[in-house]
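Here is the structure we will look at.
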Amino acid sequence: MSKEITSRSTDYSQWYNDLVIKGGLADYSAVRGCMVIKPYGFSLWENMRDALDKMFKDTGHVNAYFPLFVPKSLFEAEEKNAEGFAKECAVVTHYRLKTDPSKKGALMVDPEAKLEEELVVRPTSEAIIWNTYKNWIQSYRDLPLLINQWANVVRWEMRTRLFLRTAEFLWQEGHTAHATAKEAVEETVQMLNVYADFVENWMALPVIKGVKTENERFAGAVDTYCIEALMQDGKALQAGTSHFLGQNFARAFDVKFSDKENKLDYVWATSWGVSTRLIGALVMAHSDDQGLILPPKIAPLQVVIVPIYKGEEQKAQIDVKVQELVKQLKAAGVRVKYDDNDNARPGWKFAEYEMKGVPVRVALGLRDLENNTVELARRDTKEKQSVSMDGLPERIVNLLAEIQQAIYNKALAYRDSHITRVNTWDEFVSTLNEKGGFVSAFWDGTSETEDAIKDKTKATIRCIPLDNPEEDGVCVFSGKPAKQRVLFAQAY
RNA sequence: CGGGAGGUAGUUCAGCCCGGUAGAAUACAUGGUUUGGGACCAUGGGGUCGCAGGUUCGAAUCCUGUCCUCCCGACCA
C-alpha cells in the first residue's frame, strides 16, 4: 500500500517525512528547499496563527506589514545582526529579464538592468523595521510601539527539512520599542510567556523556558529567551524565541526619543518570533506509527463522521441522524466533517483519518440506529466504545478537551522522564548516547567549554532555565567551579 | 558545501548492467456486486522515461552537463 508509514524505530527521519507528506500537510516543490503547504497543513497553520494573533492583540500589539526587500546598506547597519545572517541571504541584483538571443524561447537576466544597490530578501526584519521606526519615534509619548507582522522570510539553508528548516518559511515577528530597559525586558518575558502558554495549551506541548548562552544568542540581541521542547527521538527543538535587543538597533538606526525631562536617549527594543517550524514540532512530538496525532484545539478537523450502510435506503436513514448531529456539533463550535463519500469503504476512511490525525471519529451504522448508539473512537489512544446518541454533542465536546489534556500529559511525562541530572562526564556522554533528552549538568560558564562539548557530543546548551536555582558545583567537562546547572541536548 | 542514494503513469516501483521504441501494483473512469478496520470482478483512459546536449541506423538504457529530492556530515539567529 502506497500510504504506509515508515515506523519510528525503522527510520525516524523517514517517519517524519511520511507523516508530513502522507498526512497531507505539505509537499516538495520545484524550488530548492521550499515547500508547498497544502490546504490541510495550511488550515492547521491558520488555527495556530489565529490563536497567537488573538494573544498578541490581547497584550496590546497591532499588526502591520513591512517590505520583503531590505536595501543592503540598511541590512548591514547593525553589524552583528548582519554578520549573523550574511551567509544565508538571498540577494536581488537585477530587476529585468530579456529574451535570450542565443536560445529560442529562453529568457536571460538583462545585464543592463543591474540594481544600483542590491536588495536583500529579508531573513528577519529588524533592519527595515528599525529604519522605519526612526521616523515614527520622537518622544516618550510615541512609546511603547508594539507591532507584529505576519510574513514570510528567506534563509538560504544548506540542508532543508519540511517545516523544520525550509529556505522560505512563514512566521510572525514582533518588534517593539520602549522608553526603558526594564520595560523592554518585561515585554521580552511577557512574550516568552505568551509563547509558552500557546505551545503548552494549544499545541499540547510542554516547554522549558530559559535564556540562551552567548553562543546561541540571536545576532544583535543582548539576551535571547527561548522555549525548548523535546521530540520523541530525544532531540530538543527550539520552539520560539524572544529577544531583548537593548539599544543595539536604536543605535544602529539612530532611533532617539525625548523623555519627560527633555533628555535624548536611544530607545530599547525587543523582537520575538515563532514560525511554521512549530508544525514540525507538533508532528514529531505527538504522532505515532499510524500517522499524525493533532491536539483538538488546533486540528483542522476535530470530528469526522463515517456512515456504515448497505444500499441507498440505509444511507438515507443514517443521513438524517447525522445531519442532526452535525448541526448540534457545529452549534457547539466543533469542526466536524461528515464523510459520506461512497467511493471509499469505512475501513479505508478509518485508516485515512487516523493518518491525518483527526482527534475523534464517530461511526454510525444500522446497528447503531436500532440501538440509538454510535461508535466513538479517539485517535490518541485508539480506544473505541459504543455510546448512546443521547447527549452525544456534549460528550464529544468533553472528549475533545480530555484528548487535548491527555496528549499534553503524555508529552509531559515523556519530557520529564528525559531530563537527566548528571555529575560526571561519563554519565553525561552515556546519557546522551543511550537515552537522549535534556541533560542537566554543571557548566563553568565559558564559551570554550560549550564549544568543546558540542564538538565531542553534538550537544549544545539549549537554555539556562528561568527558574534555575544557584548552587555550587563543578563543571561536568572542565572540572572548574560552576554556579548552576544548565540544560544540554542534541537539537534540531 | 563534502560523501552516498535516487528521479520512469496521479502514487510506489520494475526495466538500465547487456541499446531495438515502456511494464506492474495501486489510484482514476464506466458497469456490476459490495460496505462494522485500507473490498472484488470486468472494461477503459493515462507516461515527450527530470531537463539539455552528445554517441548511434536506433537511447529510459551509454557519455557529458544541469536541476530537483532523500540519507549522513559541515553549517544553522
Side-chain angles (χ1 to χ4, degrees), chain A residues 1-6 10-18 20-22 27-35 78 80-89 103 105-106 122-126 153 155-162 164-167 169 171 173 212-221 223-226 237-238 240-243 245 271-273 275 277 290-291 306-312 314-315 318 340-355 361-371 373-375 377 382 384 386 454-455 458 460 491-492:
Chain A
M1 208 65 192
S2 66
K3 283 275 197 174
E4 226 149 83
I5 292 169
T6 307
T10 304
D11 185 340
Y12 191 85
S13 295
Q14 192 55 49
W15 167 77
Y16 173 79
N17 290 334
D18 283 355
V20 172
I21 301 285
K22 291 170 182 171
D27 235 335
Y28 294 112
S29 76
V31 189
R32 177 191 203 100
C34 296
M35 64 177 172
E78 209 295 326
K80 278 188 181 154
N81 185 249
E83 263 176 38
F85 284 104
K87 285 175 296 178
E88 48 188 20
C89 285
K103 213 165 141 199
R122 62 180 169 214
T124 180
S125 302
E126 275 80 2
V153 288
R155 296 179 189 179
W156 214 260
E157 300 286 355
M158 284 301 168
R159 191 173 159 197
T160 57
R161 298 197 64 190
L162 295 165
L164 294 175
R165 188 175 293 111
T166 47
F169 56 91
W171 77 343
E173 46 183 326
K212 289 290 188 191
T213 61
E214 195 182 340
N215 277 14
E216 302 281 322
R217 194 176 291 155
F218 177 75
D223 264 320
T224 288
Y225 292 72
C226 63
L237 187 142
Q238 177 178 298
T241 47
S242 184
H243 313 292
L245 302 174
S271 70
W272 27 275
S275 70
R277 188 180 214 211
Q290 276 70 51
V306 177
I308 298 158
Y309 56 92
K310 303 177 199 206
E312 286 300 312
Q314 290 189 8
K315 169 78 168 29
I318 292 168
D340 64 346
N341 178 1
D342 193 45
N343 292 346
R345 296 165 75 258
W348 190 90
K349 291 176 184 173
F350 293 171
E352 182 68 12
Y353 289 110
E354 271 162 21
M355 175 134 58
R361 183 184 72 228
V362 174
L364 185 58
L366 202 67
R367 204 164 72 199
D368 294 301
L369 286 188
E370 283 163 7
N371 301 330
T373 58
V374 298
E375 181 190 84
K382 299 197 77 187
K384 294 191 285 197
S386 185
K454 182 180 180 183
D455 197 46
K458 286 194 238 167
T460 48
Y492 278 97

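Below, chains carry the letters A, B, ... as their sequence lines are ordered, and counting in each starts from 1.
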Taking pairing as Watson-Crick or G-U wobble with both contacts under 3.5 Å, can you name the mate of [N], or confirm there isn't one?
N: B:G73; answer: B:C1
N: B:U34; answer: none
N: B:G6; answer: B:C68
N: B:G58; answer: none
N: B:U12; answer: B:A24
N: B:C18; answer: none
N: B:A29; answer: B:U43

Checking the side chain of [X] only, and the main-chain atoms of [Y] only, is there a donor and an acceptor separated by less than 3.5 Å?
X: A:Gln314; Y: A:Lys310; value: yes
X: A:Ser29; Y: A:Cys34; value: yes
X: A:Arg165; Y: A:Thr160; value: no
X: A:Asp18; Y: A:Thr6; value: yes

Span that lies between the [atom1] atom of [M] and that of [N], in whole angstrom:
N: B:G4; M: B:G23; atom1: P; result: 35 Å
N: B:A60; M: B:G53; atom1: P; result: 14 Å
N: B:G50; M: B:A9; atom1: P; result: 8 Å
N: B:A24; M: B:U66; atom1: C1'; result: 31 Å
N: B:C57; M: B:G15; atom1: P; result: 29 Å
N: B:C70; M: B:G32; atom1: P; result: 45 Å
N: B:U61; M: B:G20; atom1: P; result: 10 Å
N: B:A14; M: B:A25; atom1: P; result: 16 Å

So which atom in [X] and which in [Y] form the shortest heavy-atom distance, rounded to 0.1 Å?
X: A:Leu162; Y: A:Asp27; answer: CD2-O, 4.3 Å
X: A:Arg277; Y: A:Leu164; answer: NE-O, 3.0 Å
X: A:Thr373; Y: A:Leu364; answer: O-CD1, 3.5 Å

Return the value, rounded to whole Å, for the distance between atom [atom1] of [X] and atom [atom2] of [N].
X: A:Lys382; N: B:G37; atom1: NZ; atom2: P; result: 13 Å
X: A:Ile5; N: B:G38; atom1: CD1; atom2: C1'; result: 12 Å
X: A:Trp348; N: B:A27; atom1: CH2; atom2: P; result: 9 Å
X: A:Asp340; N: B:G36; atom1: CG; atom2: P; result: 16 Å
X: A:Glu352; N: B:U26; atom1: CD; atom2: C1'; result: 14 Å
X: A:Lys87; N: B:C76; atom1: NZ; atom2: P; result: 5 Å
X: A:Arg361; N: B:G38; atom1: CZ; atom2: P; result: 12 Å
X: A:Lys22; N: B:U11; atom1: NZ; atom2: P; result: 13 Å

Apply side-chain hydrogen bond (donor to acceptor under 3.5 Å, both in side chains) to A:Glu375 and list each qualifying residue two or more places apart in sequence or on a separate chain.
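Residues passing side-chain hydrogen bond (donor to acceptor under 3.5 Å, both in side chains) with A:Glu375: none at all.
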Partner residues of A:Glu78 under the side-chain hydrogen bond (donor to acceptor under 3.5 Å, both in side chains) criterion, sequence neighbours left out:
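None.
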Give one of base, sugar-phosphate or nothing for A:Phe169, where a contact means two heavy atoms less than 4.0 Å apart.
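Base, at least one base heavy atom under 4.0 Å.
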For a quick check of understanding: with a heavy-atom distance under 4.0 Å over all strands, which category does A:Gly365 fall into, base, sugar-phosphate or nothing?
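Touches a base.
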Check whether any side-chain heavy atom of [X] lies under 4.5 Å from a side-chain heavy atom of [Y], and answer yes or no.
X: A:Arg361; Y: A:Lys349; result: no
X: A:Tyr28; Y: A:Asn17; result: yes
X: A:Thr213; Y: A:Glu216; result: yes

Just by protein heavy atoms under 4.0 Å, how would nucleotides 67-74 of chain B read 5' to 3' in B, S and -?
-SSSSBBB
Provide a list of protein-nucleic acid N or O atom pairs under 3.5 angstrom, restricted to nucleotides 3-7 of chain B.
none

Upstream residue (5' side of RNA chain B) when A:Lys454 and A:Val374 are each assigned their closest nucleotide
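Looking at RNA chain B, the more 5' nearest nucleotide goes with A:Val374.
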In this structure, are over 12 heavy atoms from other groups packed under 6.0 Å from A:Trp171 atom CH2?
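Atom CH2 in A:Trp171 is crowded, with more than 12 foreign heavy atoms closer than 6.0 Å.
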Taking only N/O atoms, report every protein-nucleotides 29-35 of chain B pair under 3.5 Å with atom names and distance.
residue: B:U35; atom: O2'; partner: A:Tyr309; partner atom: O; Å: 3.3
residue: B:U35; atom: N1; partner: A:Tyr309; partner atom: O; Å: 3.4

hbond_proxy A:Glu354 side chain to B:G37 base (donor-acceptor, 3.5 Å cutoff)
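Looking at the base of B:G37, it does pair with a donor or acceptor on the side chain of A:Glu354 (distance under 3.5 Å).
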What residues form a ring-ring contact (aromatic ring centres under 6.0 Å, His included) with A:Trp15, not counting sequence neighbours?
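For A:Trp15 the ring-ring contact (aromatic ring centres under 6.0 Å, His included) partners, ignoring immediate neighbours, are A:Tyr12.
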